[in-house]
Structures are given as structure tokens and as C-alpha cells.
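Quick notes on the structure that follows.
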Amino acid sequence: YFNAVDTINPSVFDLRPISNNTYNLSQILEISANVTDNYAVSFVLANLTYPNGTTQQLTLSLATGNKYNTSFTIPTLIGRYNITIIANDTSNNLNNTQTTYFNAVDSTKSIVFDLKPTSNTNYTFSSTIEISANVTDNIAVSSVLANLTYPNGTIQQLILSLATGNKYNSSFTIPTLIGRYNITIIANDSSNNLNSSETTYFNAVDTINPSVFDLIPTANSTYNLSQILEISANVTDNYAVSSVLANLTYPNGTIQQLTL
């Protein structure tokens with residue numbers, strides 16, 4: 001008599017994903033392989049090695065024809081994922097020679113929201129204000145900056161530091177320059193994805209009246225007719241004095257305006 005035995009390993013081919021494919025973090029992908037055997041396939045597994053060396057074993061189920069597959073959600077771990085397909089037949093012949101790999105990358109920009117100051121807010125110059133934004137990222141925020149454009153076109157870059165939660169901020173003292181100040185928030189994550197699309201602005205205004213003091217002539221002074229006298233005042237302003245006039249009302253009610 002003789003014994004008939006099966007010593008032929010299963011054939012494994014058409015692996016997915018194709019080697020060196022790139023996927024984004026959190027993406028769901030198919031891991032699959034076509035497996036055939038001269039007798040019968042028993043099971044098909046996939047050994048998945050993470051970029052940090054962790055190994056996970058996945059069971060591939062028969063989908064259609066000779067294709068065995070499963071789905072896999074990429075975690076928030078950037079790098080190369082190696083896959084080894086393990087196919088076993090009912091005679092315990094093992095094929096673990098077929099491999100593939102894919103790369104997980106981060107192509108998602110940080111989310112920037114809740115900018116301060118609110119657009120079109122008015123402040124008096126010399127005020128100290130907060131410039132801030134909330135920034136979140138699927139991996140990690142690297143840096144948050146604010147490009148501040150003055151009314152005269154000058155640009156100043158401010159570093160926003162993490163204050164609390166997702167809020168990044170800095171303080172800014174408005175100089176003596178009236179007009180609109182434009183702010184662009186620049187958020188960069190640890191994968192160098194840049195978000196510079198979020199903007200706001202504020203207006204620097206002057207609402208403080210000039211100070212007028214030391215008027216001459218002193219109230220209730222007496223002068224002779226035809227006498228020449230000085231009409232004057234000291235005037236200061238936090239920004240700039242534009243003009244100083246004196247309205248002179250005669251005893252008969254006539255009004256004359258003098259330019260000082």
C-alpha cells in the first residue's frame with residue numbers, strides 16, 4: 001500500500017495594499033490576498049507590524065472567489081506598516097513568504113477657530129489687547145503664530161503660546177497709529193501641515209479729546225479799548241492736535257472765530 005500526502009504550500013498572490021502605497025491617518029483600508037491550494041485552504045492571517053514595532057494579527061475572511069480580506073483603520077501613528085500574509089491549508093502546509101507594506105502619513109492641517117479679537121472690534125490706541133485662537137490637530141500642534149499687519153503696511157509676527165485647553169494667545173499693545181490692523185493666524189503641526197487661512201482684524205481709534213488749559217486772558221481780566229491782547233491756550237493730545245480756534249463773542253452778540 002502507499003500513502004497519499006499533501007506537501008504543497010498554498011499559493012498567495014495579489015496582495016493589497018500594493019507595496020509602498022500611502023494612506024492618511026485614520027483612513028480605513030482593505031488588507032487582502034488571493035490564496036489558492038491544490039486541496040483546501042484552512043485559514044489566512046495577516047501579521048501587521050506597526051512603525052513602533054507592535055505586532056497585530058488579523059484574520060482574513062473569504063470574500064469572493066479566492067480573495068481573503070479584512071478592513072483596518074490606521075491609528076494616529078505615522079510611518080511604515082509591514083504586512084506578512086500567513087496562509088495554511090488543511091494539511092498544515094504553511095506559506096508565510098508573501099509580504100507587502102504601506103506608509104501612514106499625516107496630511108491633515110490643524111483646525112483654527114474662535115479668533116480674538118472679533119473682526120471689526122474697535123480699541124483706543126495704547127490699549128493692551130489679547131490676540132488668540134483655538135487650535136487643534138489630529139496628531140500634535142507644533143507652533144502657532146500671528147502675522148499682524150499695521151495700517152501703514154508694517155508686518156509684525158507674534159508667537160502665540162498655549163494658555164489653556166486649545167487656546168494659544170499673546171498680548172499686544174496698540175501703538176499710536178490709527179487704522180485697521182489685519183491678523184492672520186499661522187498654525188503648523190508636527191508633520192509640517194500649515195493652516196494660514198484664518199484671519200481677523202481690529203481698528204485702532206482715537207476717542208480721547210485734546211486737553212486745553214492755561215487760557216489767556218485770565219477770566220475776568222480788564223483791558224482798555226483799542227488795547228492789543230494775546231488770546232492763547234495750551235493744547236495737548238494723545239495723538240496729534242489738528243487745529244485750535246477761539247470763538248470770540250462780542251458784547252453785542254457778534255461772534256468772531258480766530259485761528260490760534
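Side chains are part of it too, since the values below use all heavy atoms of this structure and drop only hydrogens, waters and symmetry mates.
Under the 4.5 Å side-chain heavy-atom criterion for Ile, Leu, Val, Met, Phe, Trp and Tyr, Ile139 and Leu194 are members of distinct hydrophobic clusters. The cluster map of Ile, Leu, Val, Met, Phe, Trp and Tyr, joined by side-chain heavy atoms under 4.5 Å apart, puts Ile131 and Phe125 in the same cluster. Hydrophobic clustering of Ile, Leu, Val, Met, Phe, Trp and Tyr side chains at less than 4.5 Å, counting indirect connections, keeps Ile18 apart from Leu58. Put simply, Ile83 and Leu45 are part of two different groups of oily side chains (I, L, V, M, F, W, Y) that touch within less than 4.5 Å, one to the next. The same ILVMFWY cluster, assembled from side-chain heavy atoms under 4.5 Å apart, contains both Val135 and Leu158.
Side-chain contact, Ser190 with Ser142: no donor N or O sits under 3.5 Å from an acceptor N or O. The closest side-chain donor-acceptor pair between Asn47 and Thr55, if any, does not fall under 3.5 angstrom. Looking at Thr124 and Ser127, their side chains do bring a donor and an acceptor atom within 3.5 Å of each other. In the model, Ser191 has no side-chain atom that pairs as donor or acceptor with a side-chain atom of Asp189 under 3.5 Å. A side-chain donor from one of Thr100 and Ser19 sits under 3.5 Å from a side-chain acceptor of the other. A side-chain donor from one of Asn103 and Asn20 sits under 3.5 Å from a side-chain acceptor of the other.
More than 12 heavy atoms of other residues, nucleotides or ligands sit less than 6.0 Å from atom CG of Leu260. Few gaps surround CG on Leu145; more than 12 heavy atoms of other groups in view lie less than 6.0 Å from it. Sparse packing is recorded around CD1 of Ile159, with 12 or fewer heavy atoms of other residues, nucleotides or ligands lying under 6.0 Å away. Residue Asn252 places its CG atom among more than 12 non-hydrogen atoms of other residues, nucleotides or ligands, all under 6.0 Å distant.
Although no hydrogens or angles enter the test, the distance criterion places a donor-acceptor pair under 3.5 Å between the side chain of Asn195 and the main chain of Ser110. At distances below 3.5 Å, at least one donor-acceptor pair connects side-chain atoms of Asn193 with backbone N or O atoms of Asp106. Checked by atom type and distance alone, the side chain of Asn134 never pairs as donor or acceptor with a backbone atom of Asp114 at under 3.5 Å.
Counting heavy atoms from C-beta on, the side chains of Tyr68 and Ser32 never come closer than 4.5 Å. Within the 4.5 Å cutoff, side-chain heavy atoms of Pro217 are placed close to those of Ile231. Two residues are said to be in side-chain contact when any heavy atoms from C-beta on lie closer than 4.5 Å; Ser42 and Asp37 fail this criterion. Between Ile174 and Ile129 the shortest side-chain heavy-atom distance falls below 4.5 Å. Between Asn69 and Lys67 the shortest side-chain heavy-atom distance falls below 4.5 Å. At a threshold of 4.5 Å between non-hydrogen side-chain atoms, the residues Ile78 and Leu25 count as touching. Taking the side chain as every heavy atom from C-beta outward, Leu48 and Phe102 approach each other to under 4.5 Å. You'll find the side chain of Tyr201 stays beyond 4.5 Å of the side chain of Thr149, heavy atoms only.
No option in Val44, Ile85, Ile8, Val12 other than Val12 meets the side-chain contact (heavy atoms from CB on, under 4.5 Å) test with Asn95.
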Let's go through Ser119 and Thr200 carefully: what are the C-alpha distance in whole Å and the side-chain angles of both, what is the deciding distance for side-chain hydrogen bond (donor to acceptor under 3.5 Å, both in side chains) to 0.1 Å, and is it a yes or a no?
CA-CA 5 Å; Ser119 291; Thr200 186; 3.1 Å; yes
Derivation and outcome, side-chain contact (heavy atoms from CB on, under 4.5 Å), residues Phe43 and Thr59
CA-CA 8 Å; Phe43 62 82; Thr59 300; over 6 Å; no
Show, in sequence, the C-alpha distance, side-chain angles and deciding distance for Thr99 and Tyr101, and conclude whether the side-chain contact (heavy atoms from CB on, under 4.5 Å) test is met.
CA-CA 7 Å; Thr99 63; Tyr101 70 94; over 6 Å; no
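By the 30° and 60° cut-offs, the orientation of the rings of Tyr50 relative to Phe72 is perpendicular.
Nearest heavy atom pair, residue Ser221 against residue Thr218, reads OG-O, 2.8 Å. Minimum heavy-atom separation, Gln57 to Ile86: NE2-CD1, 4.2 Å. Residue Asp206 comes nearest to Tyr239 through the heavy atom pair OD2-CB, 3.7 Å, listed as atom of the first residue, atom of the second, then distance. Of all the heavy atoms in Asp89 and Asn93, the pair that sits closest is OD1-N, 2.7 Å. Considering all non-hydrogen atoms of both residues, Thr128 and Ser171 come closest at CG2-CB, 4.1 Å.
The distance from the CD atom of Glu30 to the OG1 atom of Thr70 is 9.0 Å, given to the nearest 0.5 Å. A distance of 13.0 Å separates NZ of Lys109 from CG of Asn138, quoted to the nearest 0.5 Å. How far CG of Asn169 is from NZ of Lys116: 11.5 Å, rounded to the nearest 0.5 Å. Here the CG atom belonging to Leu77 is positioned 8.0 Å from the OG1 atom belonging to Thr54, to the nearest 0.5 angstrom. The line from CZ of Phe172 to OG of Ser170 is 9.5 Å long, rounded to the nearest 0.5 Å. Between the CZ atom of Arg16 and the CG atom of Leu29 there is a distance of 12.5 Å, given to the nearest 0.5 Å.
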